[in-house]
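The model shown is predicted, which means the values in this text are computed figures rather than measured ones. Note that ligands are numbered from 1 as they come in the structure, with each ligand's atoms numbered from 1 the same way.
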Amino acid sequence: MIITIDGPSGTGKSTIARELARALHFTFFDTGAMYRSFAWFVQNQLVEPTDLQKVISLSADFSFSIETDSQRAKQYFVGQTEVTDQIRSESISSLASQIAKIPEVRESLVRIQRKLGHSSHAVFEGRDMGTVVFPEADLKIFLTASPEIRAERRYQELLTRFPDCADSFNFSQILQDIVQRDHNDTTRLISPLKQASDAVLIDTSHLSIQQIVHQIVELHKERVRRVFPKMKWSYWLVYSCARLFFRLFFRLRVEGLEYFRPGAGIIAANHVSLYDPEVVSVSCPEEVHFLAKESLFRIPILGRLIRILNSHPVSRDGSDAATFRLILRLLQEGKKVILFPEGSRSDDGRIQPLEKGLPFLVQKAKCSIYPVYVSGAFEAWPRSRKFPKLRGRMTCSFGPPIEWEEFEKMDKKEAMQKINERTREALCALKIQTEEMRPR
Ligand code: DC
């Protein structure tokens, strides 16, 4: 899933894109840093920017990589050299804007950008992200702010960073530079800065960073709902009635839907009650599958309803292998499957140790794990009660997905252990977060 953020400088683009990526647990790519790194490479190779042939041939040899340090800050590398700080100098800024006009250079960098976006959920920030690089992006944002406001922000930034040089800053000169740069960016022949026709325009002049990030997260949630395939009408009908039931009787709240992404995945939930599979199913924005004991399918109305809700019977004496094959098939078809990695319902509501099924399936299917914590189901229908209560409060909280690539390079045994550790940690974090917010 790709979100693009374009706009002129001084609109808060980088900060907003970084904060948004943090909120959604997406990867953040600052494409300006790529143009700057290439400019550094040109300068470092002592090539004149006017020598087009040499600059173009350098773009073919440009080896660029990004690493994340322990503080989760990005570090940029050209070959083996770290250039993170050096690319922020004034001379690199102006060189970057010069070389960004060369079509062949743009082609090389666009190729790198598309490759980076290929396998990840990412926020790309730049000038032509929504128009040229990712015209199929799931959500496109175009930020603006009046030149006066942007000049004021730049002026204040300079004053804060260099208080001893305050006398040398001239507001009208800064404003004039901004107007000139806007003109250059919007009128250049190749990939000029412009709003994609399907981008959402946000004027950041009088909004705080938090307000803008919140606005984009809400837009993202809405898009997420739209990108999922439509539910079958029978599924939708039972889903809507069951959802209404949980809303009315248990004031069900769903949190973290922004983490939901299309495609295969295991929804790994805590298990305290027979209500859990239904609560998780009706909290998801798309059709999901779950397993249920064969005996439940023999109960007259319930059996029919859970079948419509994509539940699959597993017999008590049925082999694990048959169940695994069934889940793998569903995952390979791109479906999402609800699993309870603890194996059975907890007697006291605590999260128990996880069994080996989840890591085995993740390794085989190479799919994401969506941790989810259901709160309130234990009070409503614990294992010790034959019949459920029909009132209470429930919350279903989804957490950031755990990607299988995290474990890709580990040996099988280590990966099995780490997958369970990460999932249990995520369930505990969701439990703390959800229970702390819960009214007592
Ligand atoms: O956003 P920034 O100031 O770090 O960008 C550095 C230069 O790169 C700037 O002159 C515009 C150019 N650029 C571009 O042409 N296309 C992009 N996608 C990103 C930046």
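Within ligand 1, counting atoms from 1 as listed, the ones closer than 4.0 Å to a heavy atom of Met129 are 18 (N).
Considering only non-hydrogen protein atoms, atom 4 (O) of ligand 1 sits nearest to Arg36 NE, 2.7 Å. Among protein heavy atoms, the minimum distance from atom 1 (O) of ligand 1 is reached at Arg127 NH1, 3.0 Å. Looking only at heavy atoms of the protein, atom 5 (O) of ligand 1 is closest to Gly32 CA, 3.5 Å. Among protein heavy atoms, the minimum distance from atom 8 (O) of ligand 1 is reached at Tyr35 CB, 3.4 Å. What sits closest to atom 19 (C) of ligand 1 on the protein, heavy atoms only, is Thr31 OG1, 3.5 Å. Scanning all protein heavy atoms for the shortest distance to atom 12 (C) of ligand 1 gives Ala100 CB, 4.0 Å. Counting only heavy atoms of the protein, atom 15 (O) of ligand 1 lies nearest to Arg106 NH1, 2.8 Å. Looking from atom 7 (C) of ligand 1 to the surrounding protein, the closest heavy atom is Ala96 CB, 3.9 Å.
A donor and an acceptor atom, one from each side chain of Tyr370 and Arg261, are nowhere located under 3.5 Å apart. No side-chain N or O of Tyr239 forms a donor-acceptor pair with one of Glu287 less than 3.5 Å apart. Residues Ser93 and Arg36 bring a donor and an acceptor atom of their side chains to less than 3.5 Å of each other. Side-chain contact check for Thr434 and Ser375: no donor-acceptor pair (N or O, by modelled atom type) lies under 3.5 Å.
Among Glu152, Arg154, Arg150, Arg153, the single residue meeting the side-chain contact (heavy atoms from CB on, under 4.5 Å) criterion with Ile174 is Arg154.
Counting heavy atoms closer than 4.0 Å to ligand 1, residue Ser97 contributes atoms from both its backbone and its side chain.
A cation-pi arrangement is absent between Lys364 and Phe324 under the rule of less than 6.0 angstrom and at most 45 degrees off the ring axis. Under the 6.0 Å distance and 45° angle rule, Lys230 does not count as a cation-pi partner of Tyr235.
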